[in-house]
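First the structure, in the form of structure tokens, and then the observations on it.
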Amino acid sequence: MAEADTPEAVAARLAQVPPAERVALVDRRFLGHRHALRLALTDPRFDTAAIPGALSATAAGRPALLRALAAVSGARPAPSGGATSLPAPTRVGGAGLDELPDPHIPSAGGRAGLDRSRVVRSATRTAAADIPLPDALADALGPAGAEPHRPELGVLVATVPTDETARQAAAEAIAAVDEESIRLRSAVKSRDGFFTTHFISPYSRYIARWCARRGLTPNQVTTASLLVALIAAGCAATGTRGGFVAAGVLLLASFVLDCTDGQLARYSLQYSTLGAWLDATFDRVKEYAYYAGLALGAARGGDDVWALALGAMVLQTCRHVVDFAFNEANHDASANTSPTAALSGRLDSVGWTVWARRMIVLPIGERWALIAVLTAATTPRTTFVVLLIGCGLAACYTTAGRVLRSLTRKARRTDRAARALDELCDSGPLAEAAARPLARFTRALPVFAPPALALAGGAVLTATAALAPRGSWGVPLAALVYVFTSAAAVSRPLKGPLDWLVPPLFRAAEYGTVLALAAVSQVNGALPAAFGLVAAVAYHHYDTVYRIRGGTGAPPRALVRAAGGHEGRALVVAVLAAACGHHSGFAVALTVLAVCLALLVLAESIRFWVSSSAPAVHDETGEPA
């Protein structure tokens with residue numbers, strides 16, 4: 001920590017800080033809550049952040065901070081002096097703010113965790129408007145190319161008092177607020193499901209605080225949640241009633257930890273790129289591993305439910321792709337004039353409808369609670385049947401609502417949205433090559449042609465796979481048709497009102513074809529192998545989603561081409577089914593294909609996320625998962 005009284009001195013101090021470190025500038029007269037400072041000085045998701053009297057900049061934001069500093073310094077006369085009658089800290093060095101005996105910053109709420117920023121204190125105020133230098137710099141950061149994040153403080157206090165009267169009023173306002181209570185409440189998502197909000201978060205937030213005070217990280221809690229879920233899957237795989245009961249209890253315990261890791265990240269502002277990826281990816285791994293455990297347990301009891309388990313995974317993955325594709329298509333769309341959206345907004349004012357609509361989509365909390373209770377009380381077959389019915393109804397509800405919004409919304413989709421949808425499609429070299437010559441013909445087709453082509457080609461392929469006799473070469477022919485319809489669907493930019501349906505239709509066609517061919521083959525082990533294959537491909541698709549949401553774009557085209565694309569994989573599986581779909585070689589072929597794809601996509605995914613410089617992105621919307 002260092003002190004400076006002029007913009008020139010501030011610039012000199014900043015120059016002494018290593019370029020890779022985050023820096024903070026705090027007026028020495030700052031008075032406020034420690035958590036207000038945490039929000040401005042330590043949140044790693046933003047290059048620059050500011051509250052009254054304080055601002056911070058990461059390594060990426062420091063060039064803009066220096067430009068703003070130069071602009072502020074050159075736009076006003078030299079200060080008459082930085083001295084102030086208010087007390088200033090006398091301890092200067094490399095310590096974090098939480099270690100300084102500073103009377104301006106109350107110490108309630110435990111350690112502040114502010115030592116992640118190099119801090120420069122200043123008492124300089126601009127001459128024209130008499131505002132603190134940090135505030136002037138924050139205003140200048142926008143024109144300098146780095147608009148600062150300004151966290152919502154609510155009742156938290158952050159101010160630079162100009163006289164003793166203002167200082168006393170601010171001190172009274174600080175004392176009137178239970179900062180720790182505010183911090184605990186803000187650790188919980190502002191929007192979440194009914195089960196999570198009322199049955200998990202009331203106590204999981206205290207678990208998060210307990211973890212924070214013992215130095216545990218969100219990634220450690222995320223990993224613990226995964227391990228508990230895998231143990232739950234192992235208990236379900238025993239096929240005994242005691243194992244099923246234990247599995248249900250452990251699945252709920254895993255969900256409690258799953259909520260805790262995000263709350264710990266928000267409580268202690270420990271966001272990271274790797275953590276965001278682990279949190280999102282492990283949720284899928286936990287749920288689908290549990291499906292496999294239930295299927296193994298049912299097999300021990302003589303009941304083959306692998307087709308139901310695979311069907312549940314296909315349905316749930318397609319639901320997620322619908323969510324992602326719709327959100328990406330409308331991420332920056334203009335002119336939202338949909339009466340359906342307006343109706344939804346009016347319903348939000350009626351409290352009970354908010355919870356009813358959140359529950360009907362069967363988000364992760366409600367879904368896992370349902371699975372846990374049914375596992376403990378019934379059979380795996382019953383669990384999967386109820387789950388498929390519930391998720392099917394939820395999918396119809398959400399998709400129908402989004403179709404209505406899209407049809408009634410007069411909006412212009414951007415190139416960014418079209419590019420994101422194209423990346424979500426996961427088209428391989430076959431569709432890529434066929435799309436170019438087809439483009440001249442598809443330009444004249446109606447606006448709804450892309451989803452119609454994707455639906456028609458996918459329906460032909462999955463229906464043929466399900467109805468044709470095993471070993472039929474009609475399925476590869478249908479797969480070739482699917483290649484050309486898929487290419488035609490993506491041969492022009494996906495900017496139509498329903499073009500966000502194209503990626504989930506491709507997912508349904510590919511996954512549904514693998515399921516149908518494995519089921520029709522009646523080969524021992526084909527369905528478990530198909531489950532593994534779809535799991536590997538689904539991981540690739542989720543990885544694509546999380547990269548796009550992180551602003552880094554889809555995986556490299558070389559990886560997508562090597563993985564074959566959705567149409568290439570569908571064709572390969574169709575040929576394998578025709579060539580060896582009547583004997584055990586089909587199960588072996590599916591297993592080898594699953595292992596090869598898993599190794600390919602996992603290696604690239606782990607390499608990217610471990611070394612990624614992408615911004616930390618955490619889901620703060622509370623949208624169901």
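Just the heavy atoms: all of them, side chains too, but no hydrogens, waters or symmetry mates, feed the values below.
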Just by distance, with hydrogens left out, do [X] and [Y] show a side-chain donor and acceptor under 3.5 Å apart?
| X | Y | result |
| --- | --- | --- |
| Thr222 | Ser225 | no |
| Gln263 | Ser201 | yes |
| Thr442 | Ser491 | yes |
| Tyr290 | Thr375 | yes |
| Thr281 | Tyr539 | no |
| Asp426 | His540 | yes |
| Trp368 | Asp258 | no |

Working to the nearest 0.5 Å, report the span between [atom1] of [X] and [atom2] of [Y].
| X | Y | atom1 | atom2 | value |
| --- | --- | --- | --- | --- |
| Arg549 | Phe324 | CZ | CZ | 5.5 Å |
| Leu308 | Leu387 | CG | CG | 10.0 Å |
| Gln522 | Arg470 | CD | CZ | 5.5 Å |
| Leu278 | Tyr546 | CG | OH | 11.5 Å |
| Lys189 | Thr196 | NZ | OG1 | 8.0 Å |
| Glu604 | Trp609 | CD | CH2 | 11.0 Å |

A side-chain contact here means heavy atoms from C-beta on lying under 4.5 Å apart; do [X] and [Y] qualify?
| X | Y | answer |
| --- | --- | --- |
| Tyr511 | Leu310 | no |
| Leu533 | Val537 | yes |
| Arg205 | Thr260 | no |
| Pro497 | Val447 | yes |
| Arg367 | Glu287 | yes |
| Val386 | Leu370 | yes |
| Thr317 | His541 | no |
| Thr383 | Ile371 | yes |

For the pair [X] and [Y], find out whether any cationic side-chain nitrogen is under 4.0 Å from an anionic carboxylate oxygen.
| X | Y | value |
| --- | --- | --- |
| Asp192 | Arg358 | no |
| Arg557 | Glu432 | yes |
| Arg547 | Glu328 | no |
| Asp422 | Arg492 | no |
| Arg319 | Asp323 | no |

Which is it for Phe448 and Leu407 under the side-chain contact (heavy atoms from CB on, under 4.5 Å) test, yes or no, and what are the steps along the way? CA-CA 10 Å; Phe448 299 114; Leu407 292 175; 3.8 Å; yes

Run the numbers on Tyr291 and Tyr288 for ring pair (Phe, Tyr, Trp, His ring centres under 6.0 Å), then give the verdict. CA-CA 5 Å; Tyr291 291 173; Tyr288 299 157; 5.7 Å; yes

Check whether any side-chain N or O of [X] sits under 3.5 Å from a backbone N or O of [Y] as a donor-acceptor pair, and report yes or no.
| X | Y | answer |
| --- | --- | --- |
| Thr382 | Thr378 | no |
| Thr464 | Val460 | yes |
| Gln316 | Cys391 | no |
| Glu423 | Gly553 | no |
| Thr398 | Ala395 | yes |
| Asp304 | Trp306 | yes |

Determine the minimum heavy-atom distance between [X] and [Y], stating which atoms define it.
| X | Y | answer |
| --- | --- | --- |
| Ala49 | Leu39 | CB-O, 4.5 Å |
| Ala526 | Ala518 | O-CB, 3.8 Å |
| Ala489 | Ala454 | CB-N, 4.2 Å |
| Val560 | Pro555 | CG2-O, 4.2 Å |
| Thr399 | Trp500 | O-CH2, 4.3 Å |
| Gly390 | Leu362 | C-CD2, 3.9 Å |

Classify the ring geometry of Phe199 against Phe195: parallel below 30°, tilted from 30° to 60°, perpendicular beyond 60°.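 Rings of Phe199 and Phe195: parallel, as their planes differ by under 30°.
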
Describe, in one word, how the ring planes of Phe506 and His566 are oriented to each other, choosing from parallel (under 30°), tilted (30 to 60°) and perpendicular (over 60°).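 Taking His566 first and then Phe506, their aromatic rings lie parallel (interplane angle under 30°).
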
Kindly indicate, with the supporting measurements, whether the criterion side-chain contact (heavy atoms from CB on, under 4.5 Å) is fulfilled by Ser406 and Phe326. CA-CA 9 Å; Ser406 301; Phe326 179 80; 3.6 Å; yes

Apply the side chain to side chain contact (heavy atoms under 4.5 Å, CB included) test between Cys425 and each candidate in Thr544, Leu494, Asp499; give the one that qualifies.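 Output: one option passes, namely Leu494.
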
Under the criterion side-chain contact (heavy atoms from CB on, under 4.5 Å), I'd like the reasoning laid out for Asp283 against Lys286: C-alpha separation, chi angles, the key distance, then a yes or no. CA-CA 5 Å; Asp283 279 352; Lys286 288 180 286 188; 3.3 Å; yes

From CA spacing to verdict: side-chain contact (heavy atoms from CB on, under 4.5 Å), Leu424, Val321: CA-CA 8 Å; Leu424 287 174; Val321 177; 5.7 Å; no

